[in-house]
Participant: 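Quick one: structure below, then a few questions.
Everything numeric in this text was worked out from a predicted model, so none of it was measured. Residue numbering restarts at 1 for every chain, and letters A, B, ... go by the order of the sequence lines. What you see below is based on every heavy atom in this structure, not just the backbone, and it leaves out hydrogens, waters and symmetry mates.
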Amino acid sequence: MSSTGAHRLLPIGVTGIDNRKLGMWIFLASEVMLFAGLIGSFVNLRAANLVMMTEAAGLLNRPLGALNTFILITSSLTMALAVGAIQRGNRERLRLFLLLTIILALAFMGVKAVEYGQKFSHHYTAHTNLFFSFYFIMTGIHAFHVLVGVIVLSVVLAKANSQKMDALVVENVGLYWHFVDVVWIFLFPLLYLT
Amino acid sequence: MSVVTFGVALFCSFGTALAGGPWLPENVSTIGEDIDHLYRVIFVITTIMFVLTQGVLVFFIFRYRQRPGRRAAYVHDNATVETVWTVVPGIILLVLAVYQWNAWADAKIRAPDSDEAIRVEILAQQFEWNIRYPGPDGVFDTQDDLTMKNQLYIPRGKPVLVQLRALDVIHSFFLPNLRVKQDVLPGPRNTILLWFDANKSGTYEIACAELCGLGHYRMRGQLFVYTPEEFETWLENKYKAKTPPADWGWGWEDGV
Amino acid sequence: MTNDPQANQVVRAPIHDEPPHPEPTSFWRRWVFSTNHKMIGKQYMMTSIFFLFVGGFLAMLMRWQLAYPWAEIPLIGKLLFPDSGGSMPPEFYIMLVTLHGTIMVFFVVAPLLVGGFGNFLIPLQVGARDMAFPVLNMISYWVFFLSGAVVLTSLFVTGGGAAGGWTVYPPLSVLKEAVPGSGLGMDLWILALGLMWVALTLGSLNFLATIINMRAPGMSWFRLPLLTWAQFVVAVLLLLSFPVAAAGLIMMEADRLIGTSFFLAHGLEIADMAVEAAGGGSAILWQHIFWFLGHPEVYVLILPAMGIVSEILPVFSRKPIFGYKAMVVAMVSIMGLGFIVWAHHMFQAGLNPLMAMAFMTATMMIALPSGVKVFNWLATLWRGSLRFETPMLFALAFVSLFIIGGLTGIFMAALPVDIHIHDTYFIIAHFHYIVFGGSIFAIFGAIHFWFPKMFGRLMSESAGKIHFALTFLSFNAVFFPMHMLGSQGHLRRIADPTVYDYLRPMQDWNVFITLSAFVLGAAQLIFLWNFVWSIFRGKRAEANPWRANTLEWSIASPAPSHNFEEIPTVHRWPYEYSSNGGGERDWIEQAEPITVEASGPVEEGEPA
Amino acid sequence: MTEHAKHRLSSKDYVMVFLGLMVLTGLTVALSYTGLGEGMRTFLAFAIASAKALLVALLFMHLRFEPRPIIIFAVTPVVLAVLFILAISPEVGVVR
Ligand code: HEA
Ligand code: HEA
Ligand code: CUA
Ligand SMILES: [Cu+2]
């Protein structure tokens, strides 16, 4: 994302913030609105179909959902520690915590896959009813974000020793990863608990 | 040269605006009177703003065009005028907004008593208006209901209560001469209550105002406003003419 | 600018300038996959001008049908519709309307103003060498290009392009059986808008980072040119409103593809066939989602145009813009209010009537900042010294026509009046006055104004003036009578107005409008010729042909590839015209250190 | 400013935040099994989720130490999102 080509620009601007970090926060602002669109729709159609929606929500596997919440929060911790590590210049620890984060992310996807499998085997699919439509679309978009996170994390891990990989890149990836966690923090009660 | 073209062009659009006046079609409903009144009020206010701003614009264009030996003034702020032209329109707009509330409530919030009103159900579908009266028993969805296609008959001077619903896509029930418009939503749970009256007999048109498919342009109906007596006779004749469903208990039998 | 205590502090901004690298020499990197903001701006501009003619061409076909319903289309009718003897079928008409609206809004005005002028001017006006993320910028353009290719393709697939109006209300747009255009054409429409979302999000991200972070030393917030302010506000609008619609697009495509029913209620039937869907969804939900984007989007179409006019008027009046801070505050309040008025498009849709009253009040309040802007423009002319070059003519026309379009907005904001005029040509008149009379006029002005900086040559003045006069006259002839038709109840999106008895007496007006529209269309060919001719043959331009103040005029024309030899230091606001400080000259550029001894009142906060 | 933020939080701090998040998660799951009324349960679930999100944003994402432009870009969309969600709720839900 750093500037390349003819016009090399140094990234620290008038505000003293690094361009890349500012850019990441701006990007996350738009992501918030993407999920606002989905959550708003869900909240409202849920109110319109209250009985059906709550009944269907009862069919979800709450323990697995809770497990996934724990996994994702733990991955947020390891991510924060990874950022802390590179800020202190400790690339060994950086690699360790990045690896842990990736493993946890994969675990999250694994649990998600098990859940999807359970639902499919009971013939609950996106067109069963409105609740499952939301369930699959929202968790699907979230899982896509997790997948993107895994890919980016792996790239960072692979390049963890390169000097071009400064703390800011890791911090930015961290920001993204924590955001994915925050989204799940809302999706979990929304879908599983109410 | 171009200054002149510009000025002339401005004055042309200007002139049309004033000469044209409000261009509403004939109105035959009570709510329509309120709506037309509000339309005119806004027309007057906006015309004043229009004349004022465009007049100033044209005047400045002529008055301050570049001339040798004159330099533009260096002014860029004036707290007094800026406050005035923020506060005054602000007050006008706020008053204008509040001034709309009553008519809106009459049109869409305060429904008339259903005892004294004529009740009609309208089911919109691509590209027809299905219209239904409850029949002599006063209950909808029974054998004696009276159904019509694209023709709505109402008595003059009596409130009409309509329940609207669509079968397939969104339509919009529009009576230009009664100043009535309401989108019709598809699905059994989306029935909408609507009311209006007409104070002049005659034949008017029903239009569909929301794009609903390739036949949207021809989803037209007719509205017949009768005197109450004419309406009663029409209704009675319709009931009489309606052949009761034959219940002989005898279908076409095979092997006879 | 006055009373800005921070202005001087910012001078110590920590920008570390590096000597620019040489320009890439390979054809691909230089002309096609360029990361230079000026090339990207030009690419956006050329593409959108192409789409202007596509969208305009569709409008011409529509106008033909409206004036002479079901008559054979001249020249191309037999080619397009051999089966019907050369007249267009009704589903073709609504497809024209849909794609005309979509193309004009998303592929012409927004990319021209934001992608074209935003990309070209923001780095120049804030004093940077390029955008914050040049590579993202390039990706943004190519995603936009792809989106345009998709929308053009959709015109030619079986069933035709989308035909649900540019607002694509479900269930019409979701159910394939409902209208022929809801087949593959609609899928492509959704794809195109999804790509547009990506392109515009990358663009606004870049704009915001650049404006916040890459301002030259001394370029404090209140020394930014108003156009850059407008781009900032617009970037926020796009960034935060488009994702909501993107969520809606995903849900809509899911409804179409995998059988969900977010927007489909229980128990729908089309032509006596029950629709197979779980149901429970809501058609109104889409309208909320769409207009949450749609309304901010219309301010995306007007705010940069307002910014352009705020740049052009001072230059040709030789006078500072009046009420600079009020202009900024007005733009920011238009943005804020713009986020909370979306439901005024849904007043007759079955909205909670109480809620509608709240939305009406908010909508009316938007006239306030808009009015402040109008009054400030007028006051800018007051006691000026006006020159009438082509950019100025377009800017003046903008003010005039924007007022008309804005004032008609008040009619529709008024709930009871909107009952009658909703979905009529009154609305068509309202927004064409703003989007054509406003945005497109401002765009023409801007093209004439910044052409020298883009191509190093001036556009022809005489051709420009003829184009202006013809466009101004025929534009009013096309759209002014539509107010009248609309008030009479002339419906939108109908292929044949003569079906209704009450519309038949007005058919002559439709013919008049159509003939005027052909003149309007023909007038645009003059522009096209002038544009192309001037790129190669126009008079060579000096660095600052209009004697303007903003940073882009302090460098050579056309702008060199790395913009500034050295990052400039900004000493004052951009509107220092006819002040005493300039001595004989009536302008002082933003980056000019004071050379002439001030002989009159000098601004406070000015390095004396 | 980012320079300061770097060393504001130690690994121990992060672990504390993590434990806080875990407790809150446990709490919200536990609450969902109680017989609380529908309205109360929804309210509590969202209160807890918001608290968790705040913890992550302020401390894991260092928002607490960031300069104003970043805080603005973090807060604006959240306000707008809440506004949007509230504004469309009575519409689709209650009225129709
Ligand atoms: C660039 C585009 C643009 C802009 C700037 C606006 C600006 C405004 N619009 Fe418009 N609008 C559209 C584009 C735009 N609109 C489009 C495309 C549609 C149709 C969409 C569709 O259905 O396809 C539409 C539809 C639309 C509707 C829905 C109508 C309907 O479908 O029933 C409404 C209703 O309130 C509305 C209102 C307004 C108002 C109040 C403003 C205000 O911002 C205007 C403010 C400006 C002024 C008022 C003029 C200057 C002010 C003064 C001189 C001050 C003094 C004035 C007074 C005291 C009155 N618009
Ligand atoms: C945003 C910008 C924008 C612009 C610039 C325009 C420009 C024009 N529009 Fe536009 N219009 C919309 C946005 C815009 N429109 C929208 C959003 C809708 C609503 C859609 C909907 O309901 O869903 C609409 C709807 C709309 C309707 C209503 C249709 C209906 O509801 O049935 C009409 C009718 O007259 C119309 C006419 C025109 C005309 C005559 C022009 C003219 O100004 C065009 C002038 C012509 C040109 C600029 C190009 C010149 C081209 C040529 C001369 C052709 C040359 C061809 C070749 C060389 C092959 N438009
Ligand atoms: Cu029914 Cu249009
Ligand atoms: Cu709007």
Side-chain angles (χ1 to χ4, degrees), chain B residues 2-3 5 9-10 13 16 20 23-25 35 38-39 42 46 49-50 53-54 56-57 60 64-66 71-74 76-77 82 85-86 89-90 93 97 100-101 103-104 107-109 167-170 176 179 181-183 185-188 190 192 205 207 209 211 213-214 217-218 220, chain C residues 90-91 165 169 171-172 178-179 265-270 318-320 322-323 326 348-350 353 361 364 367-368 371-372 375 378 381 383-388 403 407 410-411 414-417 419-420 422-423 465 469 472-473 476 484 487-489 491 493-496 499-500 502 578-579:
Chain B
S2 47
V3 190
T5 334
L10 263 184
S13 40
T16 2
W23 314 282
L24 294 164
I35 290 177
L38 292 169
Y39 181 99
I42 297 176
T46 50
M49 295 313 296
F50 174 80
T53 46
Q54 308 278 353
V56 166
L57 180 63
F60 283 179
Y64 297 114
R65 68 185 184 278
Q66 188 183 33
R71 195 175 161 128
Y74 183 76
H76 55 67
D77 273 296
E82 286 180 57
W85 72 41
T86 313
L93 288 163
Q100 315 289 325
W101 288 1
W104 176 251
K108 305 258 165 155
I109 299 175
L167 205 55
D168 36 34
V169 300
I170 304 176
R179 313 287 188 265
K181 190 180 283 131
Q182 175 61 57
D183 283 8
L185 298 175
N190 294 326
I192 291 179
E205 281 173 292
L211 178 57
L214 57 87
Y217 70 95
R218 59 178 155 83
R220 169 182 176 271
Chain C
E91 63 270 27
Y169 282 3
L172 188 64
V179 66
H266 288 290
L268 302 186
E269 269 176 49
I270 290 206
R318 313 310 299 162
K319 214 182 141 249
F322 196 88
Q348 316 311 329
T361 314
M364 289 250 179
L368 205 58
V372 167
F375 300 137
L378 293 177
L381 303 179
R383 296 178 61 199
S385 176
L386 278 55
R387 292 184 289 146
F388 300 101
I403 293 172
L407 289 175
I410 304 295
F411 286 77
L415 284 169
V417 180
I419 297 177
H420 182 59
H422 172 67
D423 269 336
K465 284 190 170 131
F472 186 83
L473 288 173
N476 280 298
M484 205 172 59
S487 297
Q488 287 283 351
L491 301 160
R493 296 167 174 172
I494 52 171
D496 180 359
V499 165
Y500 288 96
Y502 75 103
S578 299
S579 76

Participant: What residue in C:Leu407, C:Val372, C:Thr361, C:Val179 has the most heavy-atom pairs under 4.5 Å with chain B?
Facilitator: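 Answer, by heavy-atom pair count under 4.5 Å with chain B: C:Leu407.
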Participant: Using non-hydrogen atoms only, which part of B:Glu205 is less than 4.5 Å away from chain C: side chain, backbone, both, or neither?
Facilitator: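 Side chain of B:Glu205 only, per the 4.5 Å heavy-atom cut-off to chain C.
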Participant: Under a 4.5 Å heavy-atom cut-off, does chain C meet the side chain of B:Ala73, its backbone, both or neither?
Facilitator: both
Participant: Between C:Arg493 (side chain) and B:Tyr217 (backbone), is there a donor-acceptor pair under 3.5 Å?
Facilitator: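 No: the side chain of C:Arg493 does not pair with the backbone of B:Tyr217.
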Participant: Roughly how far apart are C:Phe388 CZ and B:Gln66 CD, rounded to 0.5 Å?
Facilitator: 9.0 Å
Participant: Check whether any side-chain heavy atom of C:His420 sits under 4.5 Å from a side-chain heavy atom of B:Pro25, and report yes or no.
Facilitator: yes
Participant: Do the side chain of B:Lys181 and the main chain of C:Gln348 share a donor and acceptor less than 3.5 angstrom apart?
Facilitator: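 No, the answer is negative, given that no donor and acceptor are paired below the 3.5 Å cut-off.
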Participant: Could you check if a side-chain atom of B:Lys108 sits within less than 4.5 angstrom of a side-chain atom of C:Ile419, using non-hydrogen atoms only?
Facilitator: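 SC-SC contact between B:Lys108 and C:Ile419 confirmed.
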Participant: Partners of C:Tyr169 by ring pair (Phe, Tyr, Trp, His ring centres under 6.0 Å), sequence neighbours excluded?
Facilitator: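 Listed in chain order: nothing, the list is empty.
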Participant: Check whether any side-chain heavy atom of C:Leu381 lies under 4.5 Å from a side-chain heavy atom of B:Val56, and answer yes or no.
Facilitator: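 Result no, sub-4.5 Å side-chain heavy-atom pair not found.
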Participant: Testing the basics here: between B:Gly187 and C:Leu268, what is the closest heavy-atom pair and its distance to 0.1 Å?
Facilitator: N-CD2, 3.7 Å
Participant: Is it the side chain or the backbone of B:Gln182 that comes within 4.5 Å of chain C heavy atoms, both, or neither?
Facilitator: both
Participant: Of all of B:Glu82, B:Arg179, B:Arg220, B:Met49, which one pairs up most often with chain C through heavy atoms under 4.5 Å apart?
Facilitator: B:Arg220
Participant: For the residue pair B:Val169 and C:Ala178, what are the closest heavy atoms and their distance?
Facilitator: CG1-CB, 4.1 Å
Participant: Report the option among C:Glu91, C:Arg387, C:Met364 that has the most heavy-atom pairs separated by less than 4.5 Å from atoms of chain B.
Facilitator: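 Highest number of heavy-atom pairs under 4.5 Å: C:Met364.
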Participant: Looking at CG of B:Leu211 and CD1 of C:Ile494, how far apart are the two atoms once the value is rounded to the nearest 0.5 Å?
Facilitator: 11.0 Å
Participant: Testing the basics here: between B:Pro89 and C:Phe375, what is the closest heavy-atom pair and its distance to 0.1 Å?
Facilitator: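 It is CG-CE1, 4.1 Å.
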Participant: B:Ala207: what forms a side chain to side chain contact (heavy atoms under 4.5 Å, CB included) with it, not counting sequence neighbours?
Facilitator: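 With neighbours one apart ignored, the set is B:Phe174, C:Leu491, C:Tyr500, C:Tyr502.
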Participant: Minimum heavy-atom separation for B:Pro186 and C:Ala265, please, with both atom names.
Facilitator: O-CB, 3.7 Å
Participant: B:Leu24 and C:Ser487: which non-hydrogen atoms are nearest, and at how many Å?
Facilitator: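 Closest pair (atom of B:Leu24, atom of C:Ser487, distance): CD2-O, 3.7 Å.
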Participant: Testing the basics here: between B:Trp104 and C:Pro416, what is the closest heavy-atom pair and its distance to 0.1 Å?
Facilitator: N-CG, 3.8 Å
Participant: In the structure I gave you, are the side-chain heavy atoms of B:Gln54 and C:Ile403 within less than 4.5 Å of one another anywhere?
Facilitator: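 Yes - at least one pair of side-chain heavy atoms lies under 4.5 Å apart.
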Participant: How long is the straight-line distance from CD of C:Glu269 back to CG of B:Asp168, given to the nearest 0.5 Å?
Facilitator: 9.0 Å
